[in-house]
Structure formats: structure tokens, C-alpha cells
2 protein chains.
Amino acid sequence: MNPAELQAEQEFLQSYDPNKYERPIGVTADIVIFTITSEVLSGSTKCLPKRSLSVLLIKRNGHPEKGKWALPGGFSSADETLLETAQRELYEETGVDNIYLELLKLYDTPGRDKRGWILSAAHVALVNEQYLANRKAADDADDVQLFTIEEVAKLDLAFDHRQIITDAVTYIQKLMLQTTIAREFLPSKFTLAELLQVIQTVVPSYQITKTNFIRKMLLTKKQPIVIPAQNEFSTEFSQRPAQLYQFANSYVPHLSIYVDPSPKT
Amino acid sequence: MNPAELQAEQEFLQSYDPNKYERPIGVTADIVIFTITSEVLSGSTKCLPKRSLSVLLIKRNGHPEKGKWALPGGFSSADETLLETAQRELYEETGVDNIYLELLKLYDTPGRDKRGWILSAAHVALVNEQYLANRKAADDADDVQLFTIEEVAKLDLAFDHRQIITDAVTYIQKLMLQTTIAREFLPSKFTLAELLQVIQTVVPSYQITKTNFIRKMLLTKKQPIVIPAQNEFSTEFSQRPAQLYQFANSYVPHLSIYVDPSPKT
DNA sequence: CGAATAGTGTCTCTTAGACATTATGGC
DNA sequence: GCCATAATGTCTAAGAGACACTATTCG
């Protein structure tokens, strides 16, 4: 840009009227915080816990939509991205940092907020139950609570948050089958039965025979998804010791409805 | 909500200060309009055209970023969603309606627009070259132009539009392999060679032998992606007549890195 | 030993992928 | 007849899916 153009641009910017276009009242980053809660079943013998997909909600104590359950979130500002806003809110609410957090989509239906034109950038966060355990003891406030998705269906939710949660569930179901996000809900080493249970908790329609699932995980030689931890077994959930596995770091899913475009082997 | 609560909410809304939180100057819907341009090769014999993935850009004639090439787009307002804004802009720019149009993601890096806090909801549109042909004749303005993605790499682009285009290309490459969006770039009936060429135009790394591609398209019995049009052949691109195909409407891709969760057959 | 969960053997059918071969029409 | 492109044949190896079977530990 030559000096004349530069000056023209400077002048333009100095005389620019920020109210030239209609302005939103604000932009919020809202977060659907998913976790898988487990409930130990104390039966006659050892078995896997009962797991449920859950979402963290907050009871609104201010207007509007006072008293309703809502997604955690807050207003963003010019000096941070919406992802940063979401990170901040997530940390404030759960004390958790450095976890899976991603933009889902933007919610902007006119009239979604009675205060006026407020956009919501909905995010999805996946938190391991363990990380929430500490926090739970600290502030067991009854205005912050985990609900299973079955329970959420019965609640009175603020704004368009029911729609956001529905979309988020659909989204993580797809992620669960197409990526290795199951790792976010598992310890670093786990049994194949645990992995299958986590998948089925998020995607209940995923009904397959366990033996073939195990075989698939073991026999995929080109690109193994999980690899066995040498000589490490667990008897936490079963009588017979079960082999422990880890996710293979090298695994990069690439899915195609056409022929696989992978380079020749 | 009981009458007292209702009144409390009314009072809250009437006294609500829209400047309570920092407000963006505006929100724009920008669109990456993709099309596949074809260039007929007039050689000794009939052959497929040369195809290139292209993007529609507009030369900015106002400040800021005056003179640079930019994505078409415009400011949204409180009474429409960003998708509607994008639809409107798309129609204004191309005269095209009812085509593939979807939100890509939100661009909100602080400082991305010198005017101040302006968010951009980037959209992706897929337009069949045919639809643009009429328009092109009408206004062959040199401030609106299609560029192949190779050409775009050399241009001076406004704002963060280079990043947006890069992200959009990555996104449609994934879509191309995982969904049937190839249909957006093809006529309703097409040969398998054309389909393969469209896929390879968008995903150049998709190098496979054509014969196996053809077989895969034909032998997938459970859920065929394309179905042959009975007794319809084309000699447009070849000496020997080639079978014409259509996309199967019943096809619903469901991809999984684990065992296929489809119900038993 | 029985119960419960982990894991393997085996068989059938489908698909991926390489590569050779045949088919059709224009020039 | 030659060439270009379309399409099929054939072979090997891998994977899916069903189902019977073996293995290990606890009580």
C-alpha cells in the first residue's frame, strides 16, 4: 500500500461510525459440557459400572429466564475469541483446563433472547468424570448440577438451550463413531469392554457383538486404533484379567464412502 | 411463570441496558462460493474437460482493504439469521437460489477487521457451473471473478479471507469423500468417469485405479451410492458409449472407525 | 464346581486392490 | 486397423459377522 492509500485508509478508519450497521447487544459463548458419569453396581460379582451421558447445567438466578436451567456461558469481548471465552467459562465453572473444547455452531434465531439481538456461539466440551470429582466436593451447590440426557429431556430449559443440547448430542454421536474422542472419557489405559461401553453410552444404537468388536480392534493391522499395553491386565471389572489397551497416537481416521484414498502399501 | 414473576421479568426487560456488555460493531455473513469450472479440451478425440475447483471473489471498492479481493458477504441484522443473510448475499451476487449453503465456522480473532470488533460467520456454498453461466454473460464485471484455488494462493486477499478459504477447502474435501456432495457439481445424470473426475478435482490426493472405482460403485449392493439409468448412455466424452448414473436418493452415508453399527440384515 | 467375564477358532460371504483382458465407436 | 475410453474377469488377501468354543478367576 502506498503512502496516499495508507493515509486514505487512516482517514477512513478515524471517521468510521461504529453504528453504521445494526449492532448486536452482545455475543455469548455457551458450553455443552459432556461427561460420562458412572455408578458402581454392587452385585454378587464384579462388573462394569452403569454409565450415563451427562450434561452440566446451571440454574439461572437472574433475569431473564430466571429459575430455569441453562448451559454455562457468558458474554465475550473484543479482545478475546469466543473459544477463549468458552475456555474461561469452562474453567470458572469446573476448574478444568486443557480439555476437548470446540465450536459447535452459532445460534442466532431472531427472538431467541428477550433482551434483544444476542448471538450464542455454542461450544462442546468433553470432560472426564475424574476431573469433576474434586470440584463436586468443593461446591456442591444445588444451582450447578449434572443431568443425564434422559433427565435433561424433562427439564425446563432457558432460551434455545434444549435445541443446542440436542444438536450437541447428535454431533458427539457422530464424533464418537468417526474419531477417537472416546479417549476423553476413559483413563489412559482401559479394557476393550470399557471402550465398547463408552461408545454404547453415547450411541445407544451401536449394538454389536462384543467378540467381533474385540477382533476388529485387534486385527486391523494397517492402522490399529488401540494397542495392547504389554503385560498389563485389569481385574477391576471382571474375574478373569482383561488386557489393557491404549489409543494409538499414530491413528488418523480417514473415512470415505468411496474407495479408500490411502496411498498404496 | 406466575403473574408476579412475569411482571418482574417485564420490568427487567424494560430497564435492560443494551450497553451492559461490550457490543460488536457488526456481524457479517461471508460466503465461500465454490464451483467447478470446466475447460473443454479440443484434441484429436473426445475426452473429459479439464476441471478446476474455483472460488468467487469480489474486488473491494471501498475501505477498508480497498482494492483487495474478498469473499462476498454483508452485514446481518437482528431480524434475520446469518444463514438468511448468506442466502440473500448469495442471490444478489450470483442470482442463484436453493443451493447447498451451510455455516462453516465463526471467525473472531481480535483485530481481524481494522474497523473494530466485527465477527464473520463464514459459509460454504456449492454452485453448479451451469447456474453461473447465465450470470456471467449478464455482468462480466472485472470486479467479480472466479479464481481457481491455485490462483487464489497468489492473490492479495482482504481480512482473514485466505484462512477462511483454506479452512473451507479442507472442509469440502472431507465432505466430498464422506457425503454425496459431488452431486452439486454434476448434472442429474453422469458417467462414472465424470464422478471420479469431480472427486479428484476437489481431492487431488484421491488417486485410485478407475476400474476398481467403477466396480465399487456397482457392486455395493446393500446401499448403492449411484444407480444406473436404464438404457441411457453418453458419448459426450468418449468413443465408446458410457453408462449414465444417478445418485440413489435412499443412500445415507454412515461411517464409523469401529464396526459398522447398522442393524442386522 | 458353577458363574461371570475375557478372549479364540472357524466358517461364510463380501469387499479391496492389482492387473489382464475384452468391448465399442471415431477416425 | 489403430486408438482412446468403457467395462469385465480373475486372483489374492483382508475384513464382517455369526456362533461355537476355550480360558481365567472368584466364591
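Lettering follows sequence order; numbering is per chain, from 1.
- Distances were taken from every side-chain heavy atom of Asn212(A) (C-beta onward) to each of dA7(D), dT5(C), dA18(D); the shortest belongs to dA18(D).
- Under the 4.0 Å criterion applied to side-chain N and carboxylate O atoms, Lys105(B) and Glu102(A) are not assigned as salt-bridge partners.
- Rounding to the nearest 0.5 Å gives a distance of 9.0 Å between CE of Met176(B) and CD of Glu184(B).
- Between the base of dC19(C) and the side chain of Thr209(B) there is no donor-acceptor pair shorter than 3.5 Å.
- Residue-to-nucleotide contacts include a donor-acceptor pair under 3.5 Å from the side chain of Arg215(B) to the base of dT10(D).
- Side-chain proximity of Thr211(B) to dA6(D), dC26(D), dA7(D): nearest is dA7(D).
- Taking atom CZ on Phe213(B) and atom C1' on dA6(D), their separation rounds to 14 Å, with Å as the unit.
- The distance from atom CD1 of Ile225(B) to atom P of dT15(C) is 12 Å, rounded to the nearest whole Å.
- Proximity of Asp30(B) to His123(B): side-chain heavy atoms (C-beta onward) are nowhere separated by under 4.5 Å.
- Here dA16(C) presents its C1' atom at 16 Å from CD1 of Ile257(A), a figure rounded to the nearest Å.
- At the heavy-atom level, Thr235(B) lies nowhere under 4.0 Å from the strands shown.
- The stretch residues 245-253 of chain B has no heavy atom under 4.0 Å from DNA chain D, so no residue of it qualifies as close.
- Counting non-hydrogen atoms of other residues, nucleotides and ligands closer than 6.0 Å to CD of Glu236(A) gives a total of 12 or fewer.
- At the phosphate of dA6(D), OP1 or OP2 sits under 4.0 Å from a side-chain N or O atom of Lys210(B).
- The distance between atom NZ of Lys216(B) and atom P of dG17(C), rounded to the nearest whole Å, is 8 Å.
- Whole-Å rounding puts the Ile214(A) CD1 to dA23(D) C1' distance at 13 Å.
- In the region residues 189-200 of chain B, proximity to DNA chain C at under 4.0 angstrom, judged on heavy atoms, holds for none of the residues.
- Aromatic ring pairs are classed by plane angle as parallel below 30°, tilted from 30° to 60° and perpendicular above 60°; the pair Phe190(A) and Phe247(A) is tilted.
- By the 4.5 Å heavy-atom criterion applied to side chains, Glu93(B) and Val144(B) are counted as neighbours.
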Residue pair Leu196(A), Leu192(A): steps toward the side chain to side chain contact (heavy atoms under 4.5 Å, CB included) verdict: CA-CA 6 Å; Leu196(A) 179 57; Leu192(A) 293 180; over 6 Å; no

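- Note: CD (Gln239(A)) to P (dT22(D)) measures 21 Å, nearest angstrom.
- Counting all heavy atoms, side chain and backbone alike, Thr179(A) lies closest to Tyr258(B) at O-OH, 3.9 Å.
- Out of dG26(C), dA7(D), dA6(C), the shortest distance to the side chain of Ser238(A) is found at dA6(C).
- Residues Ser38(A) and Arg51(A) form a side-chain contact, since some pair of their non-hydrogen atoms from C-beta on lies under 4.5 Å apart.
- In this structure, Pro241(B) and Arg240(A) both approach DNA chain D, and ranking their closest nucleotides by distance from the 5' end singles out Pro241(B).
- Residue Gln207(B) contributes atom CD, which lies 16 Å from atom C1' of dA18(C) at whole-angstrom precision.
- Here dG7(C) presents its C1' atom at 14 Å from CG of Leu244(A), a figure rounded to the nearest Å.
- In this pair, Tyr206(B) and Phe213(B) present their aromatic rings perpendicular. The plane angle is above 60°, beyond the 30 to 60° band.
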